[in-house]
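Just so you know, these numbers use all the heavy atoms, side chains as well, and skip hydrogens, waters and symmetry mates. The model shown is predicted, which means the values in this text are computed figures rather than measured ones. Letters go in sequence order (proteins before strands), and every chain restarts at 1.
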Amino acid sequence: MYRYDEFDHTLVAERVTQFRDQVRRRVAGELTEDEFKPLRLMNGLYLQLHAYMLRVAVPYGVLSAHQMRRLAHIARVYDKGYGHFTTRQNIQYNWPRLEEVPDLLEELAEVEMHAIQTSGNCIRNVTADQFAGVAADEIDDPRVYAEIIRQWSTLHPEFSFLPRKFKIAITGAPNDRAAVKVHDIGLRMVRNEADEPGFEVIVGGGQGRTPMIGHVVRGFLPVPDLLTYLDAVLRVYNQLGRRDNLCKARIKILVHETGVDEFTRLVEEEFAAMSRESPQVLPGGELARIRAYFQPPAYRDLREAAPTLDLALATDRAFAQWHAASVSAHKQPGYAIVTISLKPIGGIPGDASAEEMEAVADLAERFSFSEIRVTHEQNLVLPDVAKENLHAVWQGLKAAGLATPNVGLVTDIIACPGLDYCNLANARSIPIAQEISERFADLDRQHDIGELKVKISGCINACGHHHVGHIGILGVDKKGIEHYQITLGGDATETAALGDIVGPAFSGEKVTDAVDTIVAVYLEQRRDGERFLETYRRVGLAPFKEKLYASR
Amino acid sequence: MPLVKDDALIQDNWTRLDDDAAMIDGPVVVSLERWLNERDVLASRNGALGVVLTSHETPEQIAGDLDRFSLVCLEFPKFTDGRAYSHARKLRERFGFKGELRAVGNVLRDQFLFMQRCGFDAFEVAEGTALEDWLRATTEISVAYQSAADRRATAMAQRQDACSTS
Amino acid sequence: MTCSVVTANRLDDGAVVYLAPEGRWTGCLDAALVARDDATEPLMAMAERAVADRLVVTPYLIAVEDGPKGRLASHIKERIRATGPTVRLDLGKQAGQTGSTEARYVSL
Ligand code: HEM
Ligand code: SF4
């Protein structure tokens with residue numbers, strides 16, 4: 001993985017010192033809260049319901065075991081023993097004290113991590129496919145470009161006070177695991193006729209109050225032009241994005257109101273001008289320098305078939321169940337990718353205790369070249385496990401309580417912090433997730449239902465991705481009482497779609513029953529081998545609606 | 001109000017002329033609207049001329065007239081309104097403005113470095129501002145990852161140099 | 001009659017606090033100073049002084065009701081602020097008190 005050189009170290013260290021001074025000035029009364037708030041947000045520090053919350057970036061989801069240990073240490077020393085992994089490949093600490101945050105950041109800087117631009121109206125932590133570099137279906141390794149974007153976006157002098165936050169996601173594979181179509185900019189690696197790699201540039205997707213699927217503004221962007229093109233898109237947005245209304249300030253609204261063709265023309269015009277004035281052509285040397293950090297680890301020369309694995313699969317049913325849910329294809333023969341569920345039955349989606357983090361770090365050191373990934377579905381990944389070690393990994397996970405075999409299944413629920421922590425929430429998300437999880441705890445039933453993505457947000461900001469959940473659940477406030485609106489048919493992948501609202505919202509007590517009903521209708525309607533989404537796309541809303549509101 | 005310019009705190013010897021104020025001698029700064037309405041009078045007058053653009057007015061609106069101005073002020077109505085950063089870069093890099101580019105309005109030291117990198121070279125600051133604090137702000141971050149109007153060597157460029165000389 | 005209390009978050013650790021008599025701040029809703037009807041101005045003035053003194057940030061008024069089981073904030077968000085996350089009864093102000101830890105949705 002990428003290692004900081006002297007420039008990166010210097011910048012992060014200087015940023016910590018700068019922030020320490022900003023905190024000092026706040027406490028000394030030299031800064032008012034109004035002045036301090038944008039400064040602290042640009043370093044990921046929120047004030048939530050019960051305390052401050054610090055959001056730490058896991059750039060493009062890549063973590064070393066060593067870094068994970070530091071995250072555990074921070075959870076113990078500066079927080080209450082746990083952290084929350086989010087859908088944006090960040091980790092959030094819920095209880096830090098203001099004056100300790102600079103020390104915390106210093107500890108992060110020591111392991112080459114930071115909280116820079118994890119909030120605020122700036123370019124946020126860039127996210128990527130969690131299987132980057134190891135996926136069997138990849139065109140090129142997106143981590144190389146994600147790291148370049150991380151650096152370019154860091155303290156960008158022109159784009160630190162945009163109309164609104166700005167999120168960039170990148171995938172190197174045709175199977176989109178990074179939800180690139182619902183980001184401000186989505187980059188998808190493609191090849192042109194000459195077989196050179198480049199990017200398809202998608203702009204103006206997003207969730208929140210007005211969810212939209214992004215538009216392709218450039219079918220093929222040559223690699224060397226990446227930063228100049230991003231600068232051009234950002235400049236158009238910085239100048240023309242709406243600043244009169246917070247709800248209309250995202251780039252998706254600008255693209256929508258300007259029209260895709262006109263917006264594209266403006267970007268291309270700016271790109272042409274910037275290419276003359278201040279080109280940032282990516283030098284081959286820098287690409288090679290960064291690529292060198294992402295060389296594959298020292299894989300052993302293994303055969304694809306692993307007889308010990310086959311034996312374990314044949315004889316150990318629990319292991320086989322976990323394997324079916326958690327293991328994905330690796331590009332290296334004899335290796336596999338393991339997804340670790342952070343969704344124990346009845347647990348809090350995405351939360352991990354310091355001990356759990358350390359257990360994952362241990363397993364990564366022993367079995368995965370010390371590397372870990374964080375997924376946008378609030379799970380963790382061991383990217384490089386030899387197949388013959390899968391059984392041992394599973395046993396290690398089981399001992400740590402991390403072997404829930406539900407990845408991609410109905411209980412692998414995404415949920416935002418909701419009203420239990422979040423100042424903006426209408427309703428709680430986590431207790432709903434917990435109750436659904438308990439209702440569907442039975443594994444055989446889960447496997448029978450198959451792939452089903454339930455996503456829950458506590459308000460329309462959609463941090464829990466409800467718009468793109470197969471079943472989406474949105475907390476709303478009805479006369480001071482928590483209610484939940486349900487959508488069906490959302491999809492965050494390459495076949496992206498926004499869910500359809502089934503009808504009036506349900507009270508908290510009725511949500512789990514409603515999900516149960518939806519699943520029952522699916523099972524009744526499904527044809528051989530159809531996934532939930534396929535059935536939904538075939539039969540539409542009507543049969544679900546009918547059952548859900550039958551007794552009303 | 002005092003100005004920070006060339007690492008010093010100086011008094012502003014420009015007069016900001018309201019749109020309905022009578023013309024005076026000496027260096028004056030007028031609004032874009034007044035410039036557009038009275039350009040002939042203003043252009044034929046003796047004395048240096050400056051113009052102030054607020055954040056929704058664009059450099060394109062004065063691009064053809066830049067040789068008339070020895071000062072362009074870009075206003076930050078709130079420090080969170082970042083349009084002037086783009087406008088400053090365009091004035092410097094696209095339209096080649098060589099005069100004084102001054103940040104006015106809600107100008108705070110926490111944004112000093114960003115402004116400087118985008119081409120501002122003068123900063124209207126609050127009365128009582130301590131110069132040392134401001135100067136510290138420009139040296140707080142020594143690494144530049146992206147090219148901008150100040151043409152500082154980016155980390156990427158320095159890495160390439162290091163590779164080719166070693 | 002409506003009863004209100006001023007709440008804010010403490011500057012140093014962000015903890016939820018309520019304005020108490022003599023300009024003190026308390027973590028306990030029961031100890032808060034209550035304004036009857038719309039006699040809230042003096043309370044907010046006191047709170048703004050605490051903002052200037054950098055004790056608390058963003059004070060605001062909340063409605064409360066006194067019931068048989070003590071004082072309760074009227075809105076669910078304020079009830080959660082007054083106790084802690086409903087999904088981690090070991091954390092927040094409620095920590096240390098006994099309660100059900102069952103993972104069930106219970107409306108508040
Ligand atoms: C707890 C404090 C949080 C606050 C105050 C917060 C605030 C917001 C706001 C205001 C938006 C809407 C932005 C817009 O539409 O312009 C948003 C969107 C979003 N947030 Fe959060 N959020 C929080 C936590 C999280 C967490 C925990 C996650 C990940 C689990 C997350 C991920 C996202 C995502 C994915 C979106 C939607 C994508 C988009 O920006 O269009 N946020 N958040
Ligand atoms: S969706 Fe709403 S409730 Fe959930 S974390 Fe985002 S802002 Fe908070």
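- Proximity to chain A is limited to the side chain of B:Q111, based on heavy atoms less than 4.5 angstrom apart.
- A:Y237 pairs in a side-chain contact (heavy atoms from CB on, under 4.5 Å) with only one of the listed residues (A:I251, A:V255, A:I185), which is A:I251.
- Both the backbone and the side chain of A:N238 come within less than 4.5 Å of a heavy atom of chain B.
- Contacts of B:D81 with chain A are made by both backbone and side-chain atoms, with heavy-atom separations under 4.5 Å.
- With a 4.5 Å cut-off on non-hydrogen atoms, B:A148 touches chain A through its side chain but not through its backbone.
- Relative orientation of the A:W152 and A:H156 rings is perpendicular, given thresholds of 30° and 60° on the angle between their planes.
- Counting only distance, with no hydrogens or angles, the side chain of A:R124 and the backbone of A:G120 share a donor-acceptor pair below 3.5 Å.
- With a threshold of 4.5 angstrom between heavy atoms, A:L240 does not approach chain B through any atom at all.
- In terms of heavy-atom pairs under 4.5 angstrom with chain A, the leader among B:M115, B:R109, B:K90 is B:R109.
- Between B:W134 and B:F123, the ring-plane angle classifies as tilted under the 30° and 60° cut-offs.
- Contacts between A:R276 and chain B at a heavy-atom distance below 4.5 Å are absent for every atom of the residue.
- Neither the backbone nor the side chain of A:E6 comes within contact range of chain B, judged by heavy atoms closer than 4.5 Å.
- Top candidate by heavy-atom pairs under 4.5 Å with chain B, chosen from A:R15, A:Q280, A:R235, A:E277, is A:E277.
- Under the 3.5 Å distance criterion, with hydrogens and angles disregarded, no donor-acceptor pair is assigned to the side chains of A:R143 and A:Y2.
- Only the side chain of A:D21 comes within less than 4.5 Å of a heavy atom of chain B; its backbone N, CA, C and O stay farther away.
- With a threshold of 4.5 angstrom between heavy atoms, B:R92 does not approach chain A through any atom at all.
- Interface summary for chain B: among A:T17, A:L162, A:L39, the most heavy-atom pairs under 4.5 angstrom belong to A:L39.
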